[in-house]
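Order of the sequence lines sets the chain letters (A, B, ...), proteins ahead of strands, with each chain counted from 1. Remember, predicted model here, so these are calculated numbers, not experimental data.
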2 protein chains.
Amino acid sequence: MPHAHEMPIETRLRHSGLRPTRQRVALADLLFAKGDRHLTVEELHEEAVTAGVPVSLATVYNTLHQFTEAGLIRVLAVESSKTYFDTNVSDHHHFFVEGENRVLDIPVSNIAIDNLPEPPEGMEIANVDVIIRLRPCRKD
Amino acid sequence: MPHAHEMPIETRLRHSGLRPTRQRVALADLLFAKGDRHLTVEELHEEAVTAGVPVSLATVYNTLHQFTEAGLIRVLAVESSKTYFDTNVSDHHHFFVEGENRVLDIPVSNIAIDNLPEPPEGMEIANVDVIIRLRPCRKD
DNA sequence: CTGTGTGCAAACTCTTTGCATAAGT
DNA sequence: ACTTATGCAAAGAGTTTGCACACAG
């Protein structure tokens, strides 16, 4: 189920220094209304237009980057052509369905990584991404 | 040290159905001569030109994809703008230095992943990628 | 009103493609 | 000779940017 948010979107935006404009509120609604999502800019833009919010593509790009900097969403590096944005910023990992280019959450409790290696001198770990790539089973 | 290869590059290419042309041999030499590497197309192209092999950018793209299909190298999805190629196709994971955009190998023996989740019905795991993103330590 | 945000179109980066020329076998 | 590869330039996808107009406070 979609997890309840602490405060209304307007307030969350304001706290991030973002004025709650029509477009930003509409995009945030689409992003956060239906639970955790994994979207490309193109997909969100299409949803917005379909939903009767004729936002421009450039604004979707800008907005998603602003949301990312504000920590409301995060970027996923699953394949090197499109950028995917994840509305779940908590610690978790992903399945990626090859061919379909679909991203699925893996609940963090399911994975344990042991023996995390020492980062090189002068570096610290910013974050650990695990991507499990899936393909259809071959039936033998 | 660079690990010894089983057969000369010419032969490896031929076994993959690739004619050992000047450009392909030169690129393979650059890729495999100095141990495991993580390169973008641009970087390899520049190396080749510097080394006196005036190969075109398009050919580097084509060649790296052919090598990838042949299983000689593999693609890394570390960030969604450039494609990185890894000359080490064995099972291992990566550090990614943010800011510098540098990729480093993590010896596989250092990481153990427990409780790999069940893939969804009809899917099987093709491969597991772990990317540990690094940033400079903050000195407090 | 004043300062931000938005939309559009143009620019930019990375990558792929088509076709004539060159190289491999 | 015959086939495949290469190079160039043009096209294509995704993304960013500059500037005039519109909106929020």
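- Side-chain nitrogen and oxygen atoms of T83(A) include at least one within less than 4.0 Å of the OP1 or OP2 phosphate oxygen of dT15(D).
- Straight-line distance from the CD atom of Q66(B) to the C1' atom of dT6(D): 11 Å, rounded to whole Å.
- For the OP1/OP2 pair of dT25(C) and a distance below 4.0 Å, the side-chain nitrogens and oxygens of R14(B) include at least one atom meeting the criterion.
- Rounded to whole angstrom, the span from the CD atom of E79(A) across to the P atom of dC14(C) amounts to 17 Å.
- Under 4.0 angstrom from either OP1 or OP2 of dT16(D) there lies at least one side-chain N or O belonging to H65(A).
- Between the C1' atom of dA13(D) and the CG atom of N101(A) lies a distance of 14 Å, rounded to the nearest Å.
- Among the protein residues, T40(A) comes within range of no part of the nucleic acid, since none of its heavy atoms lies under 4.0 Å from any strand.
- Nearest-nucleotide assignment on DNA chain C puts the 5′-proximal partner with A58(A), out of A58(A) and P20(B).
- One interatomic measurement links the two molecules: OH of Y84(A) to P of dG14(D), which rounds to 10 Å at whole-angstrom precision.
- Atom CG in L57(B) sits roughly 11 Å away from atom P in dG7(D) (whole-Å rounding).
- Atom CZ in R19(A) sits roughly 4 Å away from atom C1' in dT4(C) (whole-Å rounding).
- Side-chain contact check for D105(A) and H94(A): at least one donor-acceptor pair (N or O, by modelled atom type) lies under 3.5 Å.
- Q23(B) has its CD atom 11 Å from the P atom of dC8(D), to the nearest Å.
- Distances shorter than 4.0 Å separate none of the side-chain N or O atoms of Y61(A) from OP1 or OP2 on dT16(D).
- As rounded to whole Å, 10 Å separates atom P of dT6(D) from atom CG of L13(B).
- Using a 4.0 Å cut-off, no side-chain N or O of T59(A) falls inside it from OP1 or OP2 of dT6(C).
- Each of dT17(D), dT15(D), dA23(C) was ranked by its minimum atom distance to the side chain of N62(A); first place goes to dT17(D).
- Put simply, T21(B) has no side-chain N or O that comes within less than 4.0 Å of OP1 or OP2 on dT4(D).
- Here the side chain of R24(A) is nearest to one of dT6(C), dG25(D), dG7(D), namely dT6(C).
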